[in-house]
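As C-alpha cells, the structure follows; a few thoughts come after it.
Keep in mind that the numbers below use all heavy atoms, side chains included, and drop hydrogens, waters and symmetry copies.
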Amino acid sequence: VQLQASGGGLVQAGGSLRLSCAASGHPFSTRGMSWFRQAPGKEREFVAAITWSSDSTYYPNSVKGRVTISRDNAENMVYLQINSLKPEDTAVYYCARATTGYYYGSDYYLPDRYDAWGQGTQVTVSS
C-alpha cells in the first residue's frame, strides 16, 4: 500500500484543518489507521488512531477534544480533523497503517505497530 497525506498548510491559531490520507493498494479496509506528527527537533508523536471498522478511536490527552479521526473504507481514505489549532500543533503529520485491524492495550502509540507510512503533510500554526 502507498499512503499519500494532504491538506496541511499555514493557519492562524484557533483555526481548523482537515488532513486527508489516500491509500492505494491493499490491504486498507481491514487495518487500523493512525496519524502521528513530528515537530522539528522532537520525536514522532501519536495523534489519533481508528480501528478498521471505525468502532473505536483513540487520542492522547494532548489533542483529545480538538481532534477527530475518521475513515471511509469505500474510498480508501482516512481523515484527521483538527480544531482550535495551537502553535504547538505545528509539525509534519503522517498517516500510518497498522499491522492489524484492532489495537491491543495502548499499542497504537508504538511506531512498530505500523507497516506503512505516508510522506507527511506540513501543518504550521501562527500565533
Side-chain angles (χ1 to χ4, degrees):
V1 70
Q2 288 188 327
L3 303 175
Q4 180 77 34
S6 61
L10 174 64
V11 63
Q12 288 189 331
S16 298
L17 278 176
R18 189 193 195 204
L19 306 183
S20 300
C21 176
S24 58
H26 298 279
F28 171 79
S29 62
T30 59
R31 301 286 191 92
M33 293 293 295
S34 290
W35 288 91
F36 286 74
R37 66 186 181 187
Q38 188 166 20
K42 295 188 176 182
E43 292 187 352
R44 192 166 293 192
E45 175 190 20
F46 168 75
V47 177
I50 188 167
T51 56
W52 74 275
S53 60
S54 303
D55 60 350
S56 294
T57 55
Y58 307 92
Y59 308 96
N61 289 336
S62 59
V63 302
K64 192 173 291 184
R66 299 192 297 118
V67 167
T68 303
I69 187 171
S70 61
R71 66 190 295 165
D72 183 340
N73 285 343
E75 298 294 329
N76 278 16
M77 296 290 295
V78 63
Y79 305 99
L80 187 72
Q81 177 72 38
I82 315 174
N83 299 324
S84 303
L85 279 156
K86 305 176 182 181
E88 50 265 42
D89 293 320
T90 294
V92 178
Y93 285 71
Y94 299 89
C95 55
R97 184 188 70 177
T99 57
T100 60
Y102 285 99
Y103 299 93
Y104 304 95
S106 300
D107 66 356
Y108 40 79
Y109 281 95
L110 304 176
D112 287 349
R113 283 289 275 112
Y114 303 91
D115 60 3
W117 294 81
Q119 88 292 353
T121 185
Q122 176 72 48
V123 172
T124 303
V125 184
S126 62
S127 56

Answer yes if [X] and [Y] sit in the same cluster of Ile, Leu, Val, Met, Phe, Trp and Tyr residues linked by side chain heavy atoms under 4.5 Å apart, and no otherwise.
X      : Y     : answer
Val125 : Leu17 : yes
Val78  : Val1  : yes
Val123 : Val63 : yes
Met77  : Leu80 : no

Exercise for the section: Show your working on side chain to side chain contact (heavy atoms under 4.5 Å, CB included) between Gln122 and Thr90 and close with a plain yes or no. Expected result: CA-CA 8 Å; Gln122 176 72 48; Thr90 294; 4.0 Å; yes
Kindly compute the distance separating [atom1] ([X]) from [atom2] ([Y]), expressed to the nearest 0.5 Å.
X      : Y      : atom1 : atom2 : answer
Asp72  : Phe28  : CG    : CZ    : 8.0 Å
Phe36  : Glu43  : CZ    : CD    : 12.0 Å
Ser127 : Lys86  : OG    : NZ    : 14.0 Å
Thr68  : Arg18  : OG1   : CZ    : 10.5 Å
Thr99  : Leu110 : OG1   : CG    : 10.0 Å

Under the 3.5 angstrom rule, does the side chain of [X] hit a backbone N or O of [Y] as a donor-acceptor pair?
X      : Y      : answer
Asn73  : Trp52  : yes
Arg31  : His26  : no
Arg97  : Asp115 : no
Thr57  : Ile69  : no
Gln119 : Ala5   : yes

Handout entry: Face-on cation placement of Arg66 at Tyr59 ring, 6.0 Å and 45° thresholds
Key = no
Problem - Option passing side-chain hydrogen bond (donor to acceptor under 3.5 Å, both in side chains) with Ser34 (candidates Tyr114, Tyr109, Tyr108) - result: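 Result for side-chain hydrogen bond (donor to acceptor under 3.5 Å, both in side chains) with Ser34: Tyr114.
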So, for [X] and [Y], which heavy atoms are closest and what is the spacing to 0.1 Å?
X      : Y      : result
Val11  : Gly15  : CG2-CA, 4.0 Å
Pro111 : Trp117 : O-CZ2, 3.9 Å
Ser29  : Arg71  : CA-NH2, 3.9 Å
Pro87  : Ala13  : CD-CB, 4.2 Å

Please examine the side chains of [Y] and [X], heavy atoms only from C-beta on, and report whether any two atoms are closer than 4.5 Å.
X     : Y     : result
Leu3  : Met33 : yes
Tyr94 : Val47 : no
Trp35 : Val67 : no

Exercise for the section: Begin from the C-alpha positions of Arg37 and Ile82 and carry the test side chain to side chain contact (heavy atoms under 4.5 Å, CB included) through to its verdict. Expected result: CA-CA 12 Å; Arg37 66 186 181 187; Ile82 315 174; over 6 Å; no
Practice task
I would like to know whether Thr100 and Arg113 meet side chain to side chain donor-acceptor pair (under 3.5 Å); could you show each step before the answer?
Solution key: CA-CA 8 Å; Thr100 60; Arg113 283 289 275 112; 2.9 Å; yes
Exercise for the section: Check the pair Tyr58 / Thr51 against side chain to side chain contact (heavy atoms under 4.5 Å, CB included), numbers first and verdict last. Expected result: CA-CA 9 Å; Tyr58 307 92; Thr51 56; 4.2 Å; yes
